[in-house]
2 protein chains.
Amino acid sequence: MARVQFDREQVIQDCTQLFWQKGFSGASMQNVVQATGLKPGSLYLAFGSKEGLYQAALEHYAGQSQAALCQILEAAPSVGAGICQHLRRMIEASEKAGYCSCFLVKSQLELAATGGDLHRRVCAYLTEIEDLYAQYLERDYPQDQARQYATSVMMHVFGIRVYGYLERDRDTLLAAVKGGLPWLPWDSCDQAAGS
Amino acid sequence: MARVQFDREQVIQDCTQLFWQKGFSGASMQNVVQATGLKPGSLYLAFGSKEGLYQAALEHYAGQSQAALCQILEAAPSVGAGICQHLRRMIEASEKAGYCSCFLVKSQLELAATGGDLHRRVCAYLTEIEDLYAQYLERDYPQDQARQYATSVMMHVFGIRVYGYLERDRDTLLAAVKGGLPWLPWDSCDQAAGS
DNA sequence: GGTTAATTTGAACATTCATTCAAGCAGAAG
DNA sequence: CTTCTGCTTGAATGAATGTTCAAATTAACC
């Protein structure tokens with residue numbers, strides 16, 4: 001073997017942050033080299049190409065997102081309350097400096113025109129998340145209703161992810177989401193998560 | 001004077017389409033040269049830089065969008081019915097091949113991280129559109145309610161603009177929007193616009 | 001018709017891009 | 001200790017990037 005292999009997980013994490021912020025075209029391999037501390041050769045041996053690197057970042061982000069969603073929905077007193085809490089946190093996140101929307105959403109919009117493999121993966125990840133919502137909602141609603149609600153939730157998630165850049169105060173955003181998803185138990189969320 | 005000045009409007013239109021599809025980083029000046037048929041020198045004399053060109057494209061698109069919105073809202077039997085019709089068309093547009101979301105939304109996500117002048121303009125244009133919705137809604141609702149509704153509409157517009165890429169059938173999308181904006185007169189829209 | 005001024009031209013610019021590869025190096029195997 | 005193996009190194013690659021500018025072109029004016 002050679003010296004010491006670099007920490008693959010750490011490199012992917014660094015790349016995720018970089019691509020998330022700057023996008024695929026906006027981030028150069030030089031940026032990647034700086035962000036990871038690795039030399040080009042190592043990166044290309046390990047990931048093959050810039051696209052391979054981006055792919056790894058996407059996978060990392062999607063896995064993390066799904067895990068976080070499952071965790072919050074499992075821990076909540078009910079699926080509905082968990083969704084409320086999740087949306088609430090999303091809105092709060094959009095107020096922080098350096099807000100970066102959602103990596104999957106940004107990738108979706110940037111890569112759709114290419115019609116390449118990356119875009120197909122992004123669609124798949126987003127669909128998985130929608131399916132996750134639907135599955136959880138099926139605990140409390142009939143299947144049709146659950147799917148319908150899942151679509152509604154996704155639509156609002158996308159809305160928050162874009163609207164978040166406009167720097168409105170959180171109450172405006174929250175009111176809009178509450179109005180759009182009136183079937184969610186917002187009161188229970190107010191109690192559980194505070195305000 | 002010189003030969004014949006190129007058709008500025010046409011050039012901006014071509015650029016809009018190009019940038020809309022490929023994004024700021026994704027579109028090269030070489031692409032612009034090909035799309036417009038002009039030589040680099042002419043472009044730089046007329047627009048100063050790639051950023052200047054993008055700016056012109058943004059202005060063109062924003063103006064067009066606002067005009068189209070006003071037109072549809074003025075022509076509709078009521079503001080609410082007009083919004084229904086507009087959202088309906090947006091959903092239908094997302095089904096067409098080569099769907100490109102919304103130029104302002106895409107710009108918002110791509111340019112936010114730069115924090116530059118372009119991003120500030122995009123925010124301004126989006127805010128103008130939201131204000132437009134609010135002003136029209138004030139015809140039928142008290143001011144607070146109107147602003148609230150305008151935010152909700154924007155949120156759904158953003159949702160459609162992202163969700164549109166997932167290639168769901170139009171009924172799924174429409175049902176989600178109807179569920180999220182239940183105060184809109186969807187029935188009148190069904191009659192007016194057909195289905 | 002000759003002069004002027006505005007506009008287009010397109011090759012050339014330095015820089016940055018994604019990517020490659022021969023050389024260097026550290027641990028494992030004998 | 002020597003050999004082998006495979007990861008790391010980082011300068012170098014050619015192509016593509018955004019931008020410039022001197023020369024060419026053309027319409028308007030006297």
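Every heavy atom of this structure was used, including side-chain atoms; hydrogens, water molecules and symmetry mates were not. Quick caveat, the model's predicted, so the values are computed rather than measured.
Atom-to-atom, NZ of B:Lys50 to P of C:dT16 comes out at 15 Å; the value is rounded to the nearest Å. Rounded to a whole Å, the CG atom of A:Leu43 is 11 Å from the P atom of C:dT19. Distance CG (B:Leu45) to C1' (D:dT19): 13 Å, rounded to an integer number of Å. Going from atom CZ of A:Phe47 over to atom P of D:dT8 covers 10 Å, rounded to whole Å.
Shown here is A:Gln17, whose CD atom has no more than 12 heavy atoms of other residues, nucleotides or ligands within 6.0 Å. Under a cut-off of 6.0 angstrom, the local environment of CD in B:Glu167 is sparse, with at most 12 non-hydrogen atoms contributed by other residues, nucleotides or ligands.
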Wobble G-U and Watson-Crick pairs count when both distances are under 3.5 Å; given that, what is the 5' to 3' dot-bracket string of DNA chain D, with | for pairing to other strands?
||||||||||||||||||||||||||||||
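Where B:Ser42 and A:Pro40 each meet DNA chain C at their nearest nucleotide, the meeting point lying more 5' is that of B:Ser42.
Of all nucleotides listed (C:dT20, D:dT8, D:dG18), D:dG18 comes nearest to the side chain of B:Tyr44. When distances run from any side-chain atom of A:Lys39 to the nucleotides D:dT20, D:dT9, C:dT20, the shortest one goes to D:dT9.
The pair A:Glu110-A:Lys22 does not meet the salt-bridge criterion, since no charged nitrogen lies less than 4.0 angstrom from a carboxylate oxygen.
In the model, A:Tyr163 has a side-chain atom that pairs as donor or acceptor with a side-chain atom of B:Glu130 under 3.5 Å. Of the N and O atoms on the side chains of A:Tyr54 and A:Ser107, at least one donor lies less than 3.5 Å from an acceptor on the other residue. A donor-acceptor pair shorter than 3.5 Å cannot be found between the side chains of A:Gln148 and A:Asp144.
Counting only residues at least two apart or on different chains, no salt bridge (Lys or Arg N to Asp or Glu O under 4.0 Å) pair has a member in residues 51-68 of chain B.
DNA chain C lies under 4.0 Å from at least one heavy atom of each of the following residues of residues 22-38 of chain A: A:Ala27, A:Ser28, A:Met29, A:Gln30.
When all heavy atoms of B:Ile160 and B:Tyr99 are compared, the closest pair comes out as O-OH, 3.9 Å.
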